[in-house]
2 protein chains.
Amino acid sequence: MASVASVSDDSVCFRPHQYLAREHDRPNAIFRIEEGWACRFHLLNDGRRQVTALFLPGDYCEPQWGWGRRVSQPIVALTRVRAVRIDCVSLTSRPSDLYNDLRIALVATVDRQAEWIVSLGRKSALERIAQLLYEIYERMDERGLAFGQQCAMPLTQSVIADVTGLTPVHVNRTLQVMRSAGLVRLQSRWLRIPDLDALRRVATGPMSALNAERTRSPIMPVQS
Amino acid sequence: MASVASVSDDSVCFRPHQYLAREHDRPNAIFRIEEGWACRFHLLNDGRRQVTALFLPGDYCEPQWGWGRRVSQPIVALTRVRAVRIDCVSLTSRPSDLYNDLRIALVATVDRQAEWIVSLGRKSALERIAQLLYEIYERMDERGLAFGQQCAMPLTQSVIADVTGLTPVHVNRTLQVMRSAGLVRLQSRWLRIPDLDALRRVATGPMSALNAERTRSPIMPVQS
DNA sequence: CGAATCGTTGAGCGAGGTCAAGAAAAGTGG
DNA sequence: CCACTTTTCTTGACCTCGCTCAACGATTCG
């Protein structure tokens, strides 16, 4: 595991691009992210990169390490990260609160990954980015980190591209479309969503022909 | 849940296209697939479909139901399926063998889904299909259902398309390329892999320029 | 204030999608 | 075993969404 700068007994900090865990590590602790963002990713031999999970404040990184797993994909800090180290041995025994939290987080991971698979497999660039921004807002909101219809969004367009399976250039162009459609306001690592429902509707894809008439958005008409 | 034809006390059968679980169900039992294949999928409003998990003989469907989860995406049989119902209450209590198996299966699901995300986000059609066929062979082999370099492969090209995020037409064309390259032999629901290593190499993507010289496949040279 | 990193724009291209139609299997019922 | 239907596979022509390459602003940060 990467060397870390100790802040207190079990609180650790990472700088951007620093690894929280490397492939094949056998981690002896789980991190609870207190501040900052991190991601799990995979790198193909020719440099193509795909992010397979985002870790926001309040997330466990990663629950499955509790059951003695090796790290299958590396974790890296996207911003400065402050986290609490949770020693794995402290939960080898049965049902504690933490044990339950980790189980719940693990199942949530399965659900979220299934959604990402749908997004990457079947959604357009516009829908994928809308989906990502919507998911980020919702997760921040759940942790009380959204204010009004706004929250922090420290991901660069390059990282957004690596999450959505697109090119930085195309992410840029698509974001401009979304901005000019009034779907999002995104600048200086801050996200505003004028109409949450409209964004969700774009992220979900067009309504079926039958009920398109009644539920069509005034901002983003369903496409073709 | 869909009505099922009871075969014995806890063994059930499903015909192709029959649902093992519907969205929002609160399942009271987990299935252990004994025979046949099933999948989890999501359907967008306009008909686009994405498969988010495959269930092969020996798989649990789905582990997370054991911890009182609702079904977030429906499960449908792809072939005739025979499965064993495992009552959820029988494992609400602590560490049994089954309990451990489910935990392990759940973590394996996270890893496999992360791989699918990489495939869908960053791999070409050729690489995705190679990856899928390789994964299927490996999983069948683990269960002793591979014979030589062959195993059953009941997925239609349409289903392969819904797994890989492609079009049935393009799956067809890509399979022809793979066949003519000698990478796979796939006919009448039966898969043969002449050179497992070559297939894995295609699935993994090109080697980095540095070591391409030494490890290049004689069958499928790394592209560009 | 200089150096990275990040964002923006343009021109051209290509992998994969769409539409349509026909051939080959695989079920189904008599 | 054989007509019949349905599903699956295959092929061709054409199109588009998103990628590539390249250059130039705009931020951020030391």
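In what follows, every chain begins at residue 1, and chains take the letters A, B, ... in the order their sequences are listed.
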Suppose we screen for side chain to side chain donor-acceptor pair (under 3.5 Å). Which residues come up paired with [X], at least two apart in sequence or across chains?
X: D141(A); result: none
X: R139(B); result: D59(B), E135(B)
X: Q64(A); result: E62(A)

Count the heavy atoms of every other residue, nucleotide or ligand shown that sit under 6.0 Å from CZ of R15(A), and state whether that count exceeds 12.
no
Angle separating the five-pair end axes of the helix from dC1(C)-dG30(D) to dG30(C)-dC1(D), nearest 10°, is 70°
With sequence neighbours excluded, residues passing salt bridge (charged side-chain N to carboxylate O under 4.0 Å, His left out) with [X]:
X: R128(B); answer: none
X: R200(B); answer: D197(B)
X: E23(A); answer: none
X: E34(B); answer: R32(B)

Starting at the 5' end of nucleotides 13-30 of chain D, put B wherever the base has a protein heavy atom under 4.0 Å, S where only the sugar-phosphate does, and a dash everywhere else.
B----BSBB---------
So, does S124(B) use its side chain to make a donor-acceptor pair with the main chain of E127(B) at under 3.5 Å?
yes
Expected output: side-chain K123(B) to main-chain V118(B) donor-acceptor under 3.5 Å
no
Considering only heavy atoms of chain A and a distance under 4.0 Å, specify the first and last nucleotide of DNA chain C in 5' to 3' order that meet this criterion.
dC6(C) to dA11(C)
Using 30° and 60° as the class limits, which term best fits the ring planes of F31(A) and F14(A): parallel, tilted or perpendicular?
perpendicular
Tell me whether the OP1 or OP2 atom of dT10(D) has a side-chain N or O from N172(B) closer than 4.0 Å.
yes
For a quick check of understanding: with a heavy-atom distance under 4.0 Å over all strands, which category does R179(A) fall into, base, sugar-phosphate or nothing?
sugar-phosphate
Quick one: side chains of residues 156-163 of chain B, donor-acceptor pairs under 3.5 Å with protein atoms, not counting sequence neighbours, listed by atom name and distance.
| unit_1 | atom_1 | unit_2 | atom_2 | d |
| --- | --- | --- | --- | --- |
| T156(B) | OG1 | S158(B) | N | 3.4 |
| T156(B) | OG1 | V159(B) | N | 3.2 |
| Q157(B) | OE1 | N172(B) | ND2 | 3.0 |
| D162(B) | OD1 | R122(A) | NH2 | 2.8 |
| D162(B) | OD2 | R49(B) | NE | 3.2 |

Which residues in residues 149-164 of chain A have a heavy atom closer than 4.0 Å to any atom of DNA chain D?
none
How long is the gap from CZ on R70(B) to NE2 on H24(B), to the nearest 0.5 Å?
9.0 Å
